[in-house]
Amino acid sequence: MLGIESSCDETGVALVRGQELLGEAVASSMDEHSRFGGIIPEIASRAHLEAMAPTLQAALRDAGLTLTDVDAIAVTAGPGLVGSLNLGAAAAKALSLALDRPLYGVNHVIGHVAVDRLIHGPFPDPVMGLVVSGGHSSLLLIKDIATDVVELGQTIDDAAGEAFDKVGRLLGLPYPGGPHVDRLAQDGDPQAIRFPRGLTAPKDQARHAYDFSFSGLKTAVARYVEGERAAGRELHVPDIAASFAAAVVDVLTAKTVAACQRHDVRTLVIGGGFSANSQLRALAAERCAAAGIELRIPPPQYCTDNGAMIAALGAAVLASGAAPSPLTFGVDSSMPLETVCL
Ligand code: KG4
Ligand code: ZN
């Protein structure tokens, strides 16, 4: 299975056989976006166009294979930036047509969970998936990664990584701010400032038990910073970072563990670029251990966007016997999280 990922700023290509990773390559356009303080879709699309063929060649070389060895192709169909998705889909459709191989248009967010099968082996039935990045914060109940995914909740405003990036900007840190806030937080007191925990009030339990909201928190941090400056006090940035990070990961882990217990799930997979966050890793490990839940987090290069996640999910869909996607499929920038394959 040849997997192609191009939903945001990474061009990723990988080859898997079953659930064994054979080779891969990733190109990133992040350096071209950082001076703008955010991803510029048009720049990302152009970077995919330039990177697609060389990245494909590099992945084949890494696997010691040629295009004629490919039996099937999987590509990210959504969610993501529409121009970027279209670049990957066009490449995948061209390969499918030229090689006369079936094509599977699969879901990026579910791919973030699927990739862990290449790393830590087969999934028990069921698993909980928490996908946290700059673009998503989603909680997925996965009975079968190829056929049965239920969305329990997601962010109703900012994603976890996005909130870190915005607070990073507020504190004058370079983009993306997430890793910088993480590092500063390690030297701060997480209990110094009590920031709000979004959607955790009793009144939120009925409609938003497993949804997340981080925009109120971000505003609370902004107000706190303004207040301190107005009072002429010097900011203690590590304490602000640590208290903010504590609020984000407290909510993420509390809701995820509660969902595991509610649905009797004993294995949690965390994926997405934000899973590199050290506060999240520490608290998830602690709370999962206390609740008797096995915690699986892929190594960092498989948490950020990559081709292996799409090849892994494509291979699972193929093995399930699902029909390939029609060559006429259109990408879906807001692909529903319960649609595994188009
Ligand atoms: O998955 P990813 O590479 O790209 C998206 O699809 O968004 O995730 C990147 C996001 C960014 O918001 C980045 O700031 C955040 O994840 N991030 C972190 C850390 N590493 C990456 N946030 C907090 N702590 C980190 N260590
Ligand atoms: Zn992603």
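Read the numbers this way: they start at 1 and go in the same order the structure lists the ligands and their atoms. These values consider heavy atoms only, across backbone and side chains, with no hydrogens, waters or symmetry-generated copies.
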### Message
Taking distance alone, with N or O pairs closer than 3.5 Å, would you say G177 contacts ligand 1?
### Response
no

### Task
Determine, considering heavy atoms only, which of V109, V131, T304 sits nearest to atom 3 (O) of ligand 1.
T304

### Task
Please could you name the atoms of ligand 1 that G134 approaches to less than 4.0 Å, counting only its heavy atoms?
5 (C), 7 (O), 8 (O), 9 (C), 10 (C), 12 (O)

Review item, side-chain donor-acceptor pairs of residues 39-49, under 3.5 Å, at least two apart:
{"unit_1": "S45", "atom_1": "OG", "unit_2": "P41", "atom_2": "O", "d": "3.1"}
{"unit_1": "H48", "atom_1": "ND1", "unit_2": "T11", "atom_2": "OG1", "d": "2.8"}
{"unit_1": "H48", "atom_1": "NE2", "unit_2": "S6", "atom_2": "O", "d": "3.3"}
{"unit_1": "H48", "atom_1": "NE2", "unit_2": "C8", "atom_2": "O", "d": "2.8"}

#### Entry: Candidate pair Y302 and E24, rule side-chain hydrogen bond (donor to acceptor under 3.5 Å, both in side chains), full reasoning
CA-CA 11 Å; Y302 299 110; E24 62 180 322; 2.4 Å; yes

#### Entry: Protein N/O/S atoms closer than 2.8 Å to the Zn ion (ligand 2)
H108 NE2, H112 NE2, D305 OD1

### Shortest protein contact, atom 26 (N) of ligand 1 (heavy atom only)
D182 OD2, 2.8 Å

### D165-ligand 1 polar pair, N/O distance under 3.5 Å
yes

### Message
Distance under 4.0 Å to a non-hydrogen atom of P176: what atoms of ligand 1 satisfy this?
### Response
14 (O)

### Task
Indicate yes or no: at least one non-hydrogen side-chain atom of L171 is less than 4.5 angstrom from one of V225.
yes

### Message
Checking E5 against H108 for the side-chain hydrogen bond (donor to acceptor under 3.5 Å, both in side chains) test, could you report, in this order, the C-alpha distance in whole Å, the side-chain angles of both residues, the deciding distance, and whether it holds?
### Response
CA-CA 8 Å; E5 153 62 28; H108 175 86; 2.9 Å; yes

### Query
Which one holds for F274 and ligand 1: side chain close, backbone close, both close, or neither close, with close meaning a heavy atom under 4.0 Å?
both

### Task
Decide, yes or no, whether a salt bridge links D264 with R266 under the criterion of side-chain N to carboxylate O below 4.0 Å.
yes

## Note on the structure
Heavy atoms of P336 and D332 approach each other most closely as CD-OD2, 3.7 Å

### Task
Begin from the C-alpha positions of K143 and D125 and carry the test salt bridge (charged side-chain N to carboxylate O under 4.0 Å, His left out) through to its verdict.
CA-CA 6 Å; K143 293 187 186 137; D125 170 22; over 6 Å; no

Side chains of residues 183-196: which donor-acceptor pairs under 3.5 Å do they make with residues two or more places apart or in other chains?
{"unit_1": "Q186", "atom_1": "NE2", "unit_2": "D182", "atom_2": "OD1", "d": "2.8"}
{"unit_1": "Q186", "atom_1": "NE2", "unit_2": "S278", "atom_2": "OG", "d": "3.1"}
{"unit_1": "D189", "atom_1": "OD1", "unit_2": "Q191", "atom_2": "N", "d": "2.8"}

### Message
Within the 3.5 Å criterion, strictly below it, is a donor on Q57 or T55 matched to an acceptor on the partner's side chain?
### Response
no

### Query
At a non-hydrogen distance cut-off of under 4.0 Å, which region of N277 contacts ligand 1 (side chain, backbone, both, or neither)?
both

### Query
Is the ring centre of F164 less than 6.0 Å from the ring centre of F244?
yes

Residues 248-259 side chain polar contacts: donor-acceptor under 3.5 Å, at least two apart:
{"unit_1": "D250", "atom_1": "OD1", "unit_2": "R287", "atom_2": "NH1", "d": "2.9"}
{"unit_1": "D250", "atom_1": "OD1", "unit_2": "R287", "atom_2": "NH2", "d": "3.0"}
{"unit_1": "D250", "atom_1": "OD2", "unit_2": "R197", "atom_2": "NE", "d": "3.0"}
{"unit_1": "T253", "atom_1": "OG1", "unit_2": "V249", "atom_2": "O", "d": "2.6"}
{"unit_1": "T253", "atom_1": "OG1", "unit_2": "D250", "atom_2": "O", "d": "3.3"}
{"unit_1": "T253", "atom_1": "OG1", "unit_2": "R287", "atom_2": "NH1", "d": "2.8"}
{"unit_1": "K255", "atom_1": "NZ", "unit_2": "L199", "atom_2": "O", "d": "2.7"}
{"unit_1": "K255", "atom_1": "NZ", "unit_2": "H208", "atom_2": "O", "d": "2.9"}
{"unit_1": "K255", "atom_1": "NZ", "unit_2": "A209", "atom_2": "O", "d": "3.3"}
{"unit_1": "K255", "atom_1": "NZ", "unit_2": "D211", "atom_2": "O", "d": "2.7"}
{"unit_1": "T256", "atom_1": "OG1", "unit_2": "L252", "atom_2": "O", "d": "2.6"}

### P179 to ligand 1, any heavy atom closer than 4.0 Å
yes

### Task
Kindly identify the option in G161, G135, G273, S278 whose heavy atom sits closest to atom 17 (N) of ligand 1.
G273

### Task
Please could you name the atoms of ligand 1 that A276 approaches to less than 4.0 Å, counting only its heavy atoms?
20 (N), 26 (N)

